[in-house]
Amino acid sequence: MEKKLRCLIPQEEIATMVRRVAQELDQDYKDRSPVLVGILKGAFVYLADLIRHLKTPIRNIEFIRLSSYGVSTISSGRAVVVTGLPKGTVTGQDVILIEDIVDTGITTTAALRYLRRDKPASLRLCTLLDKPSRRRVPVSIDYVGKTVPEGFVVGYGTDFDQRYRQLPAIYTLRE
Ligand code: IMP
Ligand code: MG
């Protein structure tokens, strides 16, 4: 059945969010050269926009992929890294993990734990969206584009059943 989309964050507002976060990162990473690690697939659009606003010289851009058991709009209780990084990739580096949306917190917690094992010099979390209403694991987020209310969102990298990632704005999805 076709779903209805309602615009939650228009394109111009996303652009403003991206510029603001890039400024925060530029301030905090002055004189450093961080490694950005995006979580596939959702974060690829945000990461691509963000890097083009950063003045900080980026040391490296990497991606990891996690899989949560279960599908659809309800996250399951576990996430595993299915595509990781060669050992030593982030060792001694200032790492910024880039996520599309922190919902229950399970995915980001697993991703942070995975990266920490490789002993980065520092590790921070930067998410486009924070949806704290369904949080099951406490996550400390360093950079947030916008906090959103309960409800499923799509667009700007985020999907429902792999669709809608291409939309330039962020929408809520309804039956
Ligand atoms: P968490 O593990 O529950 O925090 O969920 C994280 C992952 O679930 C994110 O990386 C998203 O890919 C996906 N997710 C959570 N909420 C939404 C949503 O509203 N729209 C699209 N994807 C979502
Ligand atoms: Mg994701």
Heavy-atom side-chain contact between [X] and [Y] under 4.5 Å:
{"X": "L85", "Y": "L115", "answer": "yes"}
{"X": "I61", "Y": "I51", "answer": "yes"}
{"X": "Y164", "Y": "L5", "answer": "yes"}
{"X": "E24", "Y": "C126", "answer": "no"}
{"X": "Y46", "Y": "D100", "answer": "no"}
{"X": "I14", "Y": "I170", "answer": "yes"}
{"X": "M17", "Y": "I9", "answer": "yes"}

If you round to the nearest 0.5 Å, how far is [atom2] of [Y] from [atom1] of [X]?
{"X": "R65", "Y": "T107", "atom1": "CZ", "atom2": "OG1", "answer": "12.5 Å"}
{"X": "K55", "Y": "D26", "atom1": "NZ", "atom2": "CG", "answer": "5.5 Å"}
{"X": "Q93", "Y": "L123", "atom1": "CD", "atom2": "CG", "answer": "12.0 Å"}
{"X": "I96", "Y": "L25", "atom1": "CD1", "atom2": "CG", "answer": "5.0 Å"}
{"X": "L50", "Y": "L128", "atom1": "CG", "atom2": "CG", "answer": "9.5 Å"}
{"X": "L36", "Y": "F63", "atom1": "CG", "atom2": "CZ", "answer": "9.0 Å"}

Heavy-atom closest pair, residues [X] and [Y]:
{"X": "P57", "Y": "S33", "value": "O-OG, 2.7 Å"}
{"X": "L54", "Y": "A22", "value": "CD2-O, 3.5 Å"}
{"X": "E62", "Y": "T89", "value": "OE2-CG2, 3.6 Å"}
{"X": "P138", "Y": "T109", "value": "O-OG1, 4.5 Å"}
{"X": "T56", "Y": "Y29", "value": "CG2-O, 3.7 Å"}
{"X": "V102", "Y": "G105", "value": "CG1-CA, 4.0 Å"}

Looking at D94 and R59, is there a salt bridge between them, counting it only when a charged N and a carboxylate O are closer than 4.0 Å? no

Partner residues of A169 under the side chain to side chain contact (heavy atoms under 4.5 Å, CB included) criterion, sequence neighbours left out: C7, Y171

Any residue meeting salt bridge (charged side-chain N to carboxylate O under 4.0 Å, His left out) with D159, in chain and number order, not counting sequence neighbours: R165

Contacts of R19 that satisfy side chain to side chain donor-acceptor pair (under 3.5 Å) - sequence neighbours left out: none

Name all residues meeting the side chain to side chain donor-acceptor pair (under 3.5 Å) criterion together with D49; count only those two or more places apart in sequence or in a different chain, and write none if there are none. R52, Y156

Tell me, which pairs form a side-chain hydrogen bond (donor to acceptor under 3.5 Å, both in side chains) where one or both residues lie in residues 110-121, sequence neighbours left out? T91-D118

Donor-acceptor list for residues 142-154 side chains, cut-off 3.5 Å, not counting sequence neighbours:
residue : atom : partner : partner atom : Å
D142    : OD2  : L125    : N            : 2.8
Y143    : OH   : D28     : OD2          : 2.6
Y143    : OH   : R124    : NH1          : 2.7
K146    : NZ   : E13     : OE2          : 2.7

So, does R135 use its side chain to make a donor-acceptor pair with the main chain of D103 at under 3.5 Å? yes

